[in-house]
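First up is the structure itself, then whatever we jot down about it.
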Amino acid sequence: MTDPLAPHRDRDPDEVVPVFFLSDSTGISAETMGNALLIQFPDVSFERTLIPFISTVEMAREVVAQLDEAMDGPVAPLVFSTAAVDEVREELMRTRAPIIDFFGLHLSRVEEQLKARGLREARRLHGVGDVRRYNNRMAAIEFAIEHDDGLSPRGLDRADVVLLAPSRCGKTPTAMYLALQHGLFVANYPLVDEDLETTDLPDPVRGLADRCFGLTTTVARLSRVRHERRPDSRYASEEQCRYELRRATAMYETHHLPTVDTSAASVEEIAAVVIQTLARQRRSSGARLQSGHDLRRGRTTRP
């Protein structure tokens with residue numbers, strides 16, 4: 001039997017596929033869903049272009065002209081759209097370029113299931129939109145900044161999550177992502193030599209073990225990252241990195257803290273593991289988040 005995918009194996013490895021993400025809002029959803037599909041093709045090179053806030057038919061016509069021009073290029077483009085407004089969507093569909101219309105593909109099925117018609121408006125999921133949710137996220141970001149690298153012990157009891165790790169293991173980007181995307185109050189605490197002399201939790205977080213999450217990495221990666229910050233220092237030496245990671249792991253194990261290896265994980269993956277693990281723990285213990293946020297349900301295994 002002939003393999004229908006066989007022709008694609010002859011693709012020029014230097015060929016770059018133009019990809020457009022279209023939206024009448026921020027375009028974040030189009031990018032997220034589109035990239036979730038593109039990542040399945042690691043051997044194909046893409047040139048990505050985001051075109052957000054296509055709010056009028058006139059703007060949509062300009063985009064159609066841009067897409068049609070790309071169709072005349074050496075490689076046909078791929079287009080992902082989450083435009084919600086009917087008039088804008090209909091105009092965008094006039095392009096000669098192939099469009100994967102996430103909104104059109106799924107909204108009609110949701111309407112059928114709910115037996116109700118959706119607004120079909122650009123509600124800007126990632127904009128201010130829901131004022132309460134937006135304000136919660138801004139408060140979470142302020143909390144993460146105030147409690148970055150153990151800067152302030154004040155109000156630590158309000159934390160939903162406390163990230164523990166030696167320096168440069170990914171605490172800050174993970175904390176900021178959890179705050180911005182999920183509105184979680186996250187503190188991060190750096191484990192320094194004084195903390196690592198014992199397996200006891202550091203004093204500021206000693207009463208927060210049920211909210212603590214340990215981050216770790218490989219010696220080689222930690223040393224490499226630290227060398228970029230302080231070249232040829234004791235801080236960046238493999239010996240020091242090995243010591244800190246070994247002692248941190250001993251602390252995590254003593255207190256049965258969930259951990260994740262950040263060496264080969266994206267911040268999105270790390271955040272997902274944190275959310276799923278702590279949600280599972282709180283469901284089993286019946287505990288509630290201090291700030292009233294809901295960690296999303298999920299299942300994961302302790303590394």
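Numbers for residues simply follow the sequence, beginning at 1.
Ser263 OG to Arg224 CZ: the interatomic distance, rounded to the nearest 0.5 Å, is 9.5 Å. Between atom OG1 of residue Thr254 and atom CG of residue Asp200 there is a gap of 8.5 Å, rounded to the nearest 0.5 Å. The line from OG1 of Thr218 to CD of Glu238 is 9.0 Å long, rounded to the nearest 0.5 Å. The OG1 atom of Thr259 lies 11.5 Å from the CG atom of Leu164; values are rounded to the nearest 0.5 Å. Met33 CE to Thr82 OG1: the interatomic distance, rounded to the nearest 0.5 Å, is 5.5 Å. Between the CD1 atom in Ile28 and the CD atom in Gln181 there is a gap of 7.0 Å [rounded to 0.5 Å].
By the side-chain hydrogen bond (donor to acceptor under 3.5 Å, both in side chains) test, Arg247 is found to be paired with no residue, residues two or more places apart in sequence or in another chain being considered. By the side-chain contact (heavy atoms from CB on, under 4.5 Å) test, Asp149 pairs with Lys171, Asn188, Pro190, sequence neighbours left out.
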Working note: Asp24 + Ser55, criterion side chain to side chain contact (heavy atoms under 4.5 Å, CB included); need CA distance, chi angles, decisive distance, verdict. CA-CA 5 Å; Asp24 45 15; Ser55 57; 5.6 Å; no
CA sep, side-chain torsions, deciding dist, call: Asp68, Thr95, side chain to side chain donor-acceptor pair (under 3.5 Å): CA-CA 6 Å; Asp68 286 348; Thr95 179; 2.8 Å; yes
Kindly indicate, with the supporting measurements, whether the criterion side chain to side chain contact (heavy atoms under 4.5 Å, CB included) is fulfilled by Ile275 and Leu184. CA-CA 10 Å; Ile275 288 173; Leu184 295 176; 4.1 Å; yes
Assess whether side chain to side chain contact (heavy atoms under 4.5 Å, CB included) is satisfied between Val17 and Glu47, documenting all intermediate values. CA-CA 6 Å; Val17 179; Glu47 181 181 6; over 6 Å; no
Stepwise side chain to side chain donor-acceptor pair (under 3.5 Å) test for Ser237 and Glu239: CA-CA 5 Å; Ser237 69; Glu239 179 182 5; 5.2 Å; no
I'd like to know whether Leu257 forms a side chain to side chain contact (heavy atoms under 4.5 Å, CB included) with Leu201, so could you lay out the CA-CA distance, the side-chain angles of the two residues, the decisive distance to 0.1 Å, and finally the verdict. CA-CA 11 Å; Leu257 301 185; Leu201 290 175; 4.1 Å; yes
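Closest non-hydrogen pair, Leu196 versus Ala248, comes out as CD2-N, 3.8 Å. For the residue pair Phe53 and Met59, the shortest heavy atom distance occurs at O-CE, 2.9 Å. When every heavy atom of Leu222 is checked against every heavy atom of Arg168, the shortest pair comes out as CD1-O, 3.6 Å. Cys169 and Leu215 get closest at one heavy-atom pair: O-CD1, 4.1 Å. For the pair Ser223 and Ala236, the tightest heavy-atom approach, listed with the atom from each and the gap, is OG-O, 2.7 Å. Here the closest heavy-atom approach between residue Thr262 and residue Arg221 is recorded as O-NE, 4.3 Å.
In this structure a side-chain-to-backbone donor-acceptor pair under 3.5 Å is missing from Arg158 to Phe185. Checking side-chain atoms of His255 against main-chain N and O of Arg206 turns up no donor-acceptor pair under 3.5 Å. Not a single donor-acceptor pair under 3.5 Å links the side chain of His147 to the backbone N or O of Pro153.
In Ile39, the CD1 atom is not crowded: 12 or fewer heavy atoms of neighbouring residues, nucleotides or ligands sit closer than 6.0 Å.
Applying the salt bridge (Lys or Arg N to Asp or Glu O under 4.0 Å) test to residues at least two apart or on different chains, the pairs with a partner in residues 91-104 are Arg61-Glu91, Asp72-Arg96, Arg89-Asp101, Glu91-Arg94.
Residues Glu15 and Ser45 fail the side-chain proximity criterion, which asks for heavy atoms closer than 4.5 Å. Between Leu22 and Leu67, some side-chain heavy-atom pair lies under the 4.5 Å cut-off. By the 4.5 Å heavy-atom criterion applied to side chains, Asp195 and Tyr189 are counted as neighbours. The side-chain heavy atoms of Pro166 and Arg226, taken from C-beta on, include a pair separated by under 4.5 Å. For the pair Arg211/Asp160, no side-chain contact is recorded, criterion being any heavy-atom separation below 4.5 Å from C-beta on. You'll find the side chain of Met251 reaches within 4.5 Å of the side chain of Pro202, heavy atoms only.
Under the 30°/60° scheme for interplanar angles, the aromatic rings of Phe102 and Phe80 are found to lie parallel.
The hydrophobic cluster containing Ile145 also contains Leu180, counting ILVMFWY residues as joined when their side-chain heavy atoms lie under 4.5 angstrom apart, directly or transitively. Met93 and Met71 fall into different hydrophobic clusters, defined by Ile, Leu, Val, Met, Phe, Trp and Tyr side-chain heavy atoms under 4.5 Å apart, directly or through other members. Residues Phe213 and Leu245 do not share a hydrophobic cluster, clusters being chains of Ile/Leu/Val/Met/Phe/Trp/Tyr side chains in contact below 4.5 Å. Hydrophobic cluster membership differs between Val16 and Leu78, with clusters built from Ile, Leu, Val, Met, Phe, Trp and Tyr side chains linked at under 4.5 angstrom. Tyr177 and Val273 fall into different hydrophobic clusters, where Ile, Leu, Val, Met, Phe, Trp and Tyr are joined by side-chain heavy atoms under 4.5 Å apart, directly or via other members.
Taking the centre and axis of the six-membered ring of Tyr235, the NZ or CZ atom of Arg230 falls inside the cone set by 45° and 6.0 Å.
When the options Val63, Val88, Ile99 are evaluated for a side chain to side chain contact (heavy atoms under 4.5 Å, CB included) with Ser81, the one that passes is Ile99. Each of Ile270, Thr174, Thr172 was checked for a side chain to side chain contact (heavy atoms under 4.5 Å, CB included) with Leu163, and the lone residue meeting it is Thr174.
Side-chain contact check for Gln240 and Glu244: at least one donor-acceptor pair (N or O, by modelled atom type) lies under 3.5 Å.
Residues Arg154 and Glu146 are paired through a salt bridge, judged by an N-O separation under 4.0 Å between the basic side chain and the carboxylate.
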